[in-house]
Amino acid sequence: MSWTRRTLVALAVCVLVPLGAGGCVTGGGSGHAGNVSPSPVGKVLRDTDGTGRHLREVAGEEAPEVGVEVTPDSARGWDVLLTVRRFRFSAAGVRHEAVPGRGHARLFLDGRPVTRLRTPEYHLAGRLVRHGTHHLTARLYADDGTVWAVRGRPVESTADITASGAGPGPAGTPSGSAP
């Protein structure tokens, strides 16, 4: 078989076979910066967040929203609850493509990555939060790894956590603190 015929056969297979994990996508489709999936959802900007992920700009009325609430628990840790609007958490293993209002959240403690969330609840171990005041940020991502953004800023929310050496106390106050 000549090289032109093999090329045509390979091209036909790529066109006829639905794109998926084994499709003819270059770059591995990992969703990392540089491997952003083509999508009619929003506009992928050149700007990135602090982790190098490209921002996916959507109009404010279409954009997902996130809020983060952190409360101490009795085991010297923190319960994290995200509230979202116009957003649904995707299950693990979904295709690496941007779908309006779908994806996952990532938590950052003082700018350092903690975890990827596919549900609105998370338990933050107390050992991760040292004495002092810290910032816990929840940021929303599309399934292709791009960051949902409005007016060039990531869709995110930040809550403060204050921990003392004795661990968190009731109602979000550090135990051992003066009233």
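Quantities reported herein were computed from a predicted structural model and do not represent experimental measurements. Just so it is clear, the values below take in all heavy atoms, side chains as well, and ignore hydrogens, waters and symmetry mates. For reference, positions follow the sequence shown, starting with 1.
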Participant: What's the shortest heavy-atom distance between G60 and V150, and which atoms?
Facilitator: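 For G60 versus V150, the nearest heavy atoms are CA-CG1, 4.1 Å.
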
Participant: Does any part of the side chain of P154, heavy atoms only, come nearer than 4.5 Å to the side chain of L55, both counted from C-beta?
Facilitator: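 When only atoms from C-beta onward are counted, P154 and L55 do touch, with a gap below 4.5 Å.
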
Participant: With heavy-atom distances below 4.5 Å as the criterion, would you say the side chains of V147 and V155 are in contact?
Facilitator: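 A side-chain contact under 4.5 Å is absent here.
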
Participant: Just by distance, do the side chain of E57 and the backbone of G152 share a donor-acceptor pair under 3.5 Å?
Facilitator: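 Yes.
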
Participant: If every non-hydrogen atom of S164 is compared with every non-hydrogen atom of H131, which pair is closest and at what distance?
Facilitator: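 Of all heavy-atom pairs spanning S164 and H131, the closest is CA-ND1, 3.2 Å.
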
Participant: Has R85 got a side-chain atom pairing as donor or acceptor with P64's backbone, closer than 3.5 angstrom?
Facilitator: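 Not at all, since once roles are kept as given, no pair shorter than 3.5 Å links the two residues.
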
Participant: Find the distance between NE2 (H135) and CG (D110) and round it off to the nearest 0.5 Å.
Facilitator: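 The NE2 atom of H135 sits 6.0 Å away from the CG atom of D110.
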
Participant: What residue among L124, V80, T133 forms side-chain contact (heavy atoms from CB on, under 4.5 Å) with I161?
Facilitator: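 It is L124; the other options fail the test.
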
Participant: With no hydrogens and no angle check, just 3.5 Å: does a side-chain donor-acceptor pair link D47 and H54?
Facilitator: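 No.
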
Participant: Can you get from V70 to L82 by hopping between Ile, Leu, Val, Met, Phe, Trp and Tyr side chains that sit under 4.5 Å apart?
Facilitator: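 Yes, because V70 and L82 connect within a single hydrophobic cluster, where side-chain heavy atoms sit under 4.5 Å apart.
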
Participant: If I take atom CZ from residue R139 and atom OG1 from residue T51, how far apart are they, to the nearest 0.5 angstrom?
Facilitator: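 With rounding to 0.5 Å, CZ (R139) is 6.0 Å from OG1 (T51).
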
Participant: Between D160 and H134, do the side chains contain an N or O donor and an N or O acceptor separated by less than 3.5 Å?
Facilitator: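 No.
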
Participant: State plainly whether the residues R86 and E65 are in salt-bridge range, i.e. N to O under 4.0 Å.
Facilitator: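 Here R86 pairs with E65 in a salt bridge, since their nearest N and O are under 4.0 Å apart.
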
Participant: Checking side-chain contact (heavy atoms from CB on, under 4.5 Å) for the pair T119/F89: CA distance, chi angles, key distance, verdict?
Facilitator: CA-CA 6 Å; T119 65; F89 289 94; 5.6 Å; no

Participant: Report yes if the side chains of R106 and T115 come closer than 4.5 Å at any heavy-atom pair, otherwise no.
Facilitator: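 Side chain of R106 against side chain of T115, heavy atoms only: no contact under 4.5 Å found.
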
Participant: What orientation do Y141 and H104 show, parallel under 30°, tilted 30 to 60°, or perpendicular over 60°?
Facilitator: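 Answer is parallel, since the angle falls under 30°.
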
Participant: What's the separation between atom CG in D49 and atom OG1 in T146, rounded to the nearest 0.5 Å?
Facilitator: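 It is 10.0 Å, given to the nearest 0.5 Å.
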
Participant: For F87, does the six-membered ring have the charged nitrogen or CZ of R102 within the cation-pi criterion, i.e. under 6.0 angstrom from the centroid and within 45° of the normal?
Facilitator: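 Negative - R102 is either too far from the ring of F87 or too far off its axis.
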
Participant: Could you go step by step and tell me if H123 and D73 meet the side-chain contact (heavy atoms from CB on, under 4.5 Å) rule?
Facilitator: CA-CA 9 Å; H123 181 266; D73 69 7; 2.4 Å; yes

Participant: Between D144 and R95, is there a salt bridge with N-O shorter than 4.0 Å?
Facilitator: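 Between D144 and R95 there is no salt bridge, as every charged N stays at least 4.0 Å from the carboxylate O atoms.
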
Participant: According to a 4.5 Å side-chain heavy-atom criterion applied to Ile, Leu, Val, Met, Phe, Trp and Tyr, with indirect links allowed, do F108 and V84 form part of one hydrophobic cluster?
Facilitator: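 Looking at the clustering, V84 is in a separate group from F108.
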
Participant: Answer whether the closest heavy-atom distance between the side chains of V114 and Y122 falls below 4.5 Å.
Facilitator: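 Side-chain contact under 4.5 Å: yes.
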
Participant: What verdict does the side-chain contact (heavy atoms from CB on, under 4.5 Å) test give for T158 and L136, after you've listed the backbone C-alpha separation in whole Å, the side-chain angles of each residue and the deciding distance to 0.1 Å?
Facilitator: CA-CA 5 Å; T158 301; L136 184 71; 5.9 Å; no

Participant: Within the distance-only criterion (no hydrogens, no angle test), does the side chain of R118 pair as donor or acceptor with the backbone N or O of S90 below 3.5 angstrom?
Facilitator: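 Checking the backbone N and O of S90 against the side chain of R118, a donor-acceptor pair under 3.5 Å is found.
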
Participant: Under a 3.5 Å cutoff, is there a donor and acceptor pairing between the side chains of H96 and D143?
Facilitator: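 There is no such pair (donor and acceptor under 3.5 Å, judged by atom type) between the side chains of H96 and D143.
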
Participant: In the structure I gave you, are the side-chain heavy atoms of T71 and E69 within less than 4.5 Å of one another anywhere?
Facilitator: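 With C-beta onward as the side chain, the pair touches.
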
Participant: Is the shortest heavy-atom distance from the side chain of W148 to the side chain of V66 under 4.5 Å?
Facilitator: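 Side chain of W148 against side chain of V66, heavy atoms only: no contact under 4.5 Å found.
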
Participant: So which atom in V41 and which in A98 form the shortest heavy-atom distance, rounded to 0.1 Å?
Facilitator: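 Distance-wise, the nearest heavy atoms are CG2-O, 3.5 Å.
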
Participant: Start with the C-alpha gap between V129 and L109, add the side-chain angles, then the distance that decides, and say whether side-chain contact (heavy atoms from CB on, under 4.5 Å) holds.
Facilitator: CA-CA 8 Å; V129 184; L109 183 63; 4.2 Å; yes

